[in-house]
J.: 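Below is the structure I would like to discuss, written out as structure tokens.
Numbers here simply count residues along the sequence, with the first being 1.
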Amino acid sequence: MFNLGALETHQLLNKINENILIADQEYKIVFINDSALKLLAKIGPYVGINDPEDFVGRDLGEFHGSRQQKILAEGKFPHFASITLFNKFSAEIMVDRLTIHEGKESGFILTWKDVTEFEEALEENRKQLQVLDMPVIPLSVDSAVLVPVMGKLTEDRLALLGDKILSHSARQGNQFVIFDFTGVSDELDAAIAFRLQQVINSLKLMGVQSIYVGIRPEMAKSIVLNGLHVNVPTFNTFVHGIRYVWKETGFELVKIKD
């Protein structure tokens with residue numbers, strides 16, 4: 001039967017392309033493989049450690065909050081968790097007990113999958129989607145803009161919409177904002193209606209009139225059934241809405257003679 005000695009085990013752990021830390025029964029780190037040393041070289045400066053080898057002897061609990069430390073002491077193993085250190089490094093970790101002959105506990109092994117770059121990519125994509133979400137479209141009447149509202153309405157999306165349209169109105173001097181709900185078929189609950197009304201009220205304080213167009217049957221029914229109030233001009237289609245803006249601003253559509 002093939003048996004691994006201490007040297008062979010050490011070499012094997014260093015060959016594994018995984019961040020591995022081993023701690024004793026008192027949670028003191030006793031081994032860090034080469035892959036984990038590279039990771040800790042990035043983290044070390046945040047805790048005043050320039051040489052990653054100096055993490056040996058440190059408490060494994062330094063990588064966990066109080067809840068995770070309690071799990072280490074009492075919880076079931078293996079234990080999986082997602083952690084963030086210093087609001088910068090994100091990781092998926094697994095902690096399990098190490099045992100020797102006859103099941104005697106000898107310490108802990110921690111594997112650390114660094115997902116920082118993945119999380120950063122997700123955050124960047126989220127920001128890009130926010131820029132594209134609910135665009136503000138200029139219209140032929142300079143003082144009016146169109147905001148197509150599509151998909152499921154959430155409080156986060158409405159908060160983003162409010163910030164975007166208020167900022168745009170302040171810069172461009174908008175007088176009218178047409179909200180087109182043609183792309184929304186969901187019901188409108190009280191919380192979402194309240195958030196939307198906050199956006200409308202904020203625009204009103206800036207002298208900007210809001211107009212709703214394209215409200216679908218499902219949305220209209222939920223507004224009535226929930227006893228919600230829509231204190232803005234409403235029109236069935238965008239065409240009717242823009243005609244209202246033309247009338248208010250003194251414009252009219254005139255056919256050019258041949």
J.: Is any side-chain heavy atom of Q209 less than 4.5 Å from a side-chain heavy atom of V177?
T.: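 No. Closest side-chain heavy atoms not under 4.5 Å.
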
J.: Run the side chain to side chain contact (heavy atoms under 4.5 Å, CB included) test on F31 and L21 for me, step by step, so that the C-alpha distance in whole Å, both residues' side-chain angles and the decisive distance to 0.1 Å come before the verdict.
T.: CA-CA 6 Å; F31 172 80; L21 296 88; over 6 Å; no

J.: Before you tell me yes or no, could you show the steps for T111 and E18 under side-chain hydrogen bond (donor to acceptor under 3.5 Å, both in side chains), namely the whole-Å CA-CA distance, both residues' side-chain angles and the distance that decides it to 0.1 Å?
T.: CA-CA 7 Å; T111 59; E18 187 82 32; 4.8 Å; no

J.: Given the rule that I, L, V, M, F, W and Y join up when any side-chain heavy atoms are under 4.5 Å apart, are L39 and V56 in one cluster?
T.: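 Yes, it is one cluster - the side chains of L39 and V56 are joined through contacts under 4.5 Å.
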
J.: Is F108 close to Q25 at the side-chain level, that is, under 4.5 Å between some pair of heavy atoms?
T.: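 Yes, their side chains come closer than 4.5 Å.
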
J.: Verify the cluster assignment for I20 and V30: are they in a single hydrophobic cluster under the rule of side-chain heavy atoms below 4.5 Å apart?
T.: yes

J.: Do S167 side-chain atoms and K164 backbone N/O form a donor-acceptor pair below 3.5 Å?
T.: no

J.: Let me see the working for T182 and D180 under side-chain hydrogen bond (donor to acceptor under 3.5 Å, both in side chains), right down to the final yes or no.
T.: CA-CA 6 Å; T182 305; D180 189 344; 2.5 Å; yes

J.: Should F181 and V213 count as side-chain neighbours, where that means a heavy-atom distance under 4.5 Å?
T.: no

J.: Should V145 and I178 count as side-chain neighbours, where that means a heavy-atom distance under 4.5 Å?
T.: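 Not in contact.
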
J.: Are side-chain heavy atoms of I165 and L203 found at a separation under 4.5 Å?
T.: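 They are in contact (side-chain heavy atoms under 4.5 Å apart), so the answer is yes.
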
J.: How long is the span from the CE atom in M94 to the CZ atom in F80, to the nearest 0.5 Å?
T.: 5.5 Å

J.: Treat each ILVMFWY residue as a node, draw an edge where side-chain heavy atoms are under 4.5 Å apart, and state whether I32 and Y46 are in one component.
T.: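 Yes, because I32 and Y46 connect within a single hydrophobic cluster, where side-chain heavy atoms sit under 4.5 Å apart.
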
J.: Is there a side-chain contact between F179 and L161, using heavy atoms and a 4.5 Å cut-off?
T.: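 In short, these two side chains touch, coming nearer than 4.5 Å.
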
J.: Donor-acceptor pair, S106 side chain versus L98 backbone, under 3.5 Å?
T.: yes

J.: Of N33, L110, L13, which meets side-chain contact (heavy atoms from CB on, under 4.5 Å) against I22?
T.: L13

J.: Check whether any side-chain heavy atom of I137 sits under 4.5 Å from a side-chain heavy atom of V147, and report yes or no.
T.: no

J.: Determine, step by step, whether V230 and Y212 satisfy the side chain to side chain contact (heavy atoms under 4.5 Å, CB included) criterion, reporting the C-alpha distance in whole Å, the side-chain angles of both residues, the deciding distance to 0.1 Å, and the verdict.
T.: CA-CA 9 Å; V230 178; Y212 288 176; 3.5 Å; yes

J.: How close do A41 and P52 get, heavy atom to heavy atom, and via which atoms?
T.: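 In terms of heavy atoms, the two residues are closest at N-CB, 3.9 Å.
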
J.: Sub-3.5 Å donor-acceptor pair from the side chain of D51 to the main-chain atoms of E53, do we have one?
T.: yes

J.: Under the side-chain hydrogen bond (donor to acceptor under 3.5 Å, both in side chains) rule, what do H79 and D96 come out as? Steps first, then yes or no, please.
T.: CA-CA 6 Å; H79 169 63; D96 203 356; over 6 Å; no

J.: Give the C-alpha distance, both sets of side-chain angles, the deciding distance and a yes or no for side chain to side chain contact (heavy atoms under 4.5 Å, CB included) between V141 and F176.
T.: CA-CA 9 Å; V141 178; F176 299 91; 5.9 Å; no

J.: Report the C-alpha separation of T237 and H240 in whole Å, then their side-chain angles, then the decisive distance to 0.1 Å, and conclude whether the side chain to side chain contact (heavy atoms under 4.5 Å, CB included) test is met.
T.: CA-CA 5 Å; T237 66; H240 293 93; 2.6 Å; yes

J.: Classify the ring geometry between Y244 and F235 as parallel (under 30°), tilted (30 to 60°) or perpendicular (over 60°).
T.: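 The rings of Y244 and F235 sit tilted, inter-plane angle from 30° to 60°.
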
J.: What distance separates S169 OG from Q175 CD, expressed to the nearest 0.5 Å?
T.: 10.5 Å

J.: For the residue pair G57 and K28, what are the closest heavy atoms and their distance?
T.: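 That closest heavy-atom pairing would be O-CD, 3.5 Å.
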
J.: Give a yes or no on whether M206 and L196 share a hydrophobic cluster (residues Ile, Leu, Val, Met, Phe, Trp, Tyr; joining criterion: side-chain heavy atoms under 4.5 Å apart).
T.: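 Per the 4.5 Å side-chain linkage, M206 and L196 are co-clustered.
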
J.: Would a 4.5 Å heavy-atom cut-off, applied to side chains only, mark F55 and I49 as touching?
T.: yes

J.: Rounded to the nearest 0.5 Å, what's the gap from CG on L166 to OG on S202? Could you check?
T.: 5.0 Å

J.: Is there a continuous path of hydrophobic side-chain contacts, each under 4.5 Å between heavy atoms, that joins F251 to V245?
T.: yes

J.: What distance separates Q197 CD from S210 OG, expressed to the nearest 0.5 Å?
T.: 8.5 Å

J.: Distance check, rounded to the nearest 0.5 Å: I215 atom CD1 versus T234 atom OG1?
T.: 6.0 Å

J.: What's the separation between atom CZ in R157 and atom CD1 in I192, rounded to the nearest 0.5 Å?
T.: 10.0 Å

